[in-house]
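Worksheet for the structure shown next.
Hydrogens, waters and symmetry mates play no part in the numbers below; they use all other heavy atoms, side chains included. Counting starts at 1 for both ligands and their atoms, in listed order. Everything quoted here is computed from the prediction, not taken from an experiment.
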Amino acid sequence: MKYLALVSALLPLLVVGQGPPPPPKAMLTGTDTTMIHLDRCSGRPQHYAAGVLYGVSGTDANLQAYLKEAGIDHVAAGGAQTSTSGWGSSVEAYKARFATVIDDAKRVHELGGTVIIKTSDLWGADDTQPATFPFPGDNGDWTSYDKFIQQLISDIKSSGLALKYVTQIDVWNEPDGKIFWNRSQDQFLEMYKRGVGALRAAFPQNSRYFLPLVGPSTAAPNPNNPWFVNFLEFVSKNKEVEPDIWNWHMEGGGSNDPVEATEVMNRLIRQYNLSGGIGFQNNEYGTREQQRPGYGAWHAARYEKVKFHGLRGNWAGGPTLRDNLADLLIKKDAEGHYRTTGEYQEWKTYAGMKGSPCTTDAGKSIDSYGTLESSQRTAAALVGNQGFTGQATTVFSSVSGLGAGVEAVNAVVQRIPYNNGGEVTSLVKVSSTRIPVIDNQVSVSFTQNDANDAYLITITAV
Ligand SMILES: *[C@@H]1O[C@H](CO)[C@@H](O)[C@H](O)[C@H]1NC(C)=O
Ligand SMILES: *[C@@H]1O[C@H](CO)[C@@H](O)[C@H](O)[C@H]1NC(C)=O
């Protein structure tokens, strides 16, 4: 999750793919181009990149308005790092944590979103547990874990959270790291099988109470990671416990690109004769350094390509872990009132783009999320990058998608500043120009001076 020590310890394993992980992408300078295909737009915006890990138990009164404005529709919650610990400490500690899950879930469900319950937090394995903390199945005794799962099932039902699809259960967080699972993999697999068996019996697939089970939530979904290979072999032999949603984290080296990772995961699913469940999820993505408008918009473009939900990693700790929307918001004054960051403005922009999402092509470093609102004869592109400065060009192809006979557009370029993580309250207008349509295309260029910034390009038929 959010603990720098863990991430650096796992770095050599973290990148999906064969061979050693690539170094982080070097800064690219020069020219780069992304294309938005206005003849390939359909459906409604899904905001695949707009989930957050924790961060919605805010202390300022208007948090719900921010959640809505930033389009946040997936939240993972388990009460991590609340002072009470969890089941491994006492039933009362667990109950206090579960109460925070109910609050978070209600908040998210009220906005039509999905909550992912982090079971390991409710057990108390959240990086604050002492070295002597018990884990499920210690000394071969499963009594406590079985009771825990039955208690969880009963609490989910009695608190009204047994809502099909929009409540999901993450079986255990990052069990391939000692911080969250300080026991053998065999002990984990036994727990996983018991947990999935009991939860699936309570919330069956194909029933109106189907709560998808999310796993294995590995920090290192790498075919060279023996832990992950063992897990694949295990579910290949025990198909009844294959996760409903295959989930892994993207917080390691390189770009944390879900497009590359998805190719690898699809290959592994086929290789191990698995079904792939009902889909994928990355319920933690992005390093702290990637939490900037430029990289954030790039991740949005990438999750829009793979079309499954990603949740922003959370690098806070202690009480702030569950406040501030995983640092999309900052608190500046003594009263603890929220202020918006540049990245928050990028999320708000992403959430506010209307019309149908379009297919887009990435450049060498830049990529875009594009939408077409043909009824308004307008289209937009949110442009991000993996570390680029220079001349960026956004090409809108098949401009006839705006309407027949369009000969020119008004193109507006706006910058979404990083401002070193400080407060940002609005976008900055860079240019507004009339651009002729040539060969049914429009090219809009801008100078990217700071890779940390994102850009919004809007074209409207004139
Ligand atoms: C794991 O358990 C060992 C043995 O009890 C302990 O020494 C170590 O500190 C624990 N590690 C973590 C990360 O909790
Ligand atoms: C997958 O199925 C094929 C064909 O039935 C079989 O040859 C192969 O061994 C299986 N792979 C695994 C990992 O079970």
message = Main chain of Val259, side chain of Asp257: is a donor-acceptor contact present, judged purely on distance under 3.5 Å?
response =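 Indeed, once roles are kept as given, a pair shorter than 3.5 Å links the two residues.
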
request  = Could you tell me whether the side chain of Arg339 and the main chain of Glu423 form a donor-acceptor pair under 3.5 Å?
outcome  =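 Here the side-chain-to-backbone pair does not exist.
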
Flag for Ser255-Gln386: side-chain donor and acceptor within less than 3.5 Å =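 Distance-only check passes for Gln386 and Ser255.
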
message = Under a 3.5 Å threshold, yes or no: a donor from one side chain and an acceptor from the other, between Asp450 and Asn452?
response = yes

ask   = According to the interplanar angle, ranging from 0 to 90°, do the rings of Trp298 and Tyr295 count as parallel (below 30°), tilted (30 to 60°) or perpendicular (above 60°)?
value =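 Correct class here is perpendicular.
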
inquiry  = Please verify the inter-ring angle class for Phe228 with Trp246; under 30° counts as parallel, over 60° as perpendicular, anything in between as tilted.
reply    = perpendicular

inquiry  = If you measure every N or O of Tyr272 against every N or O of ligand 2, does any of those distances drop under 3.5 Å?
reply    =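 Not met; the criterion fails.
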
ask   = For ligand 2, which atoms, with element, lie under 4.0 Å from some heavy atom of Gln271?
value =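 Close to Gln271: 11 (N), 13 (C).
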
task = Write down, by chain and number, every protein residue that brings a non-hydrogen atom to less than 4.0 Å from an atom of ligand 1.
result = Ala131, Lys178, Asn182

request  = Begin from the C-alpha positions of Gln185 and Trp181 and carry the test side chain to side chain donor-acceptor pair (under 3.5 Å) through to its verdict.
outcome  = CA-CA 9 Å; Gln185 187 173 7; Trp181 185 264; over 6 Å; no

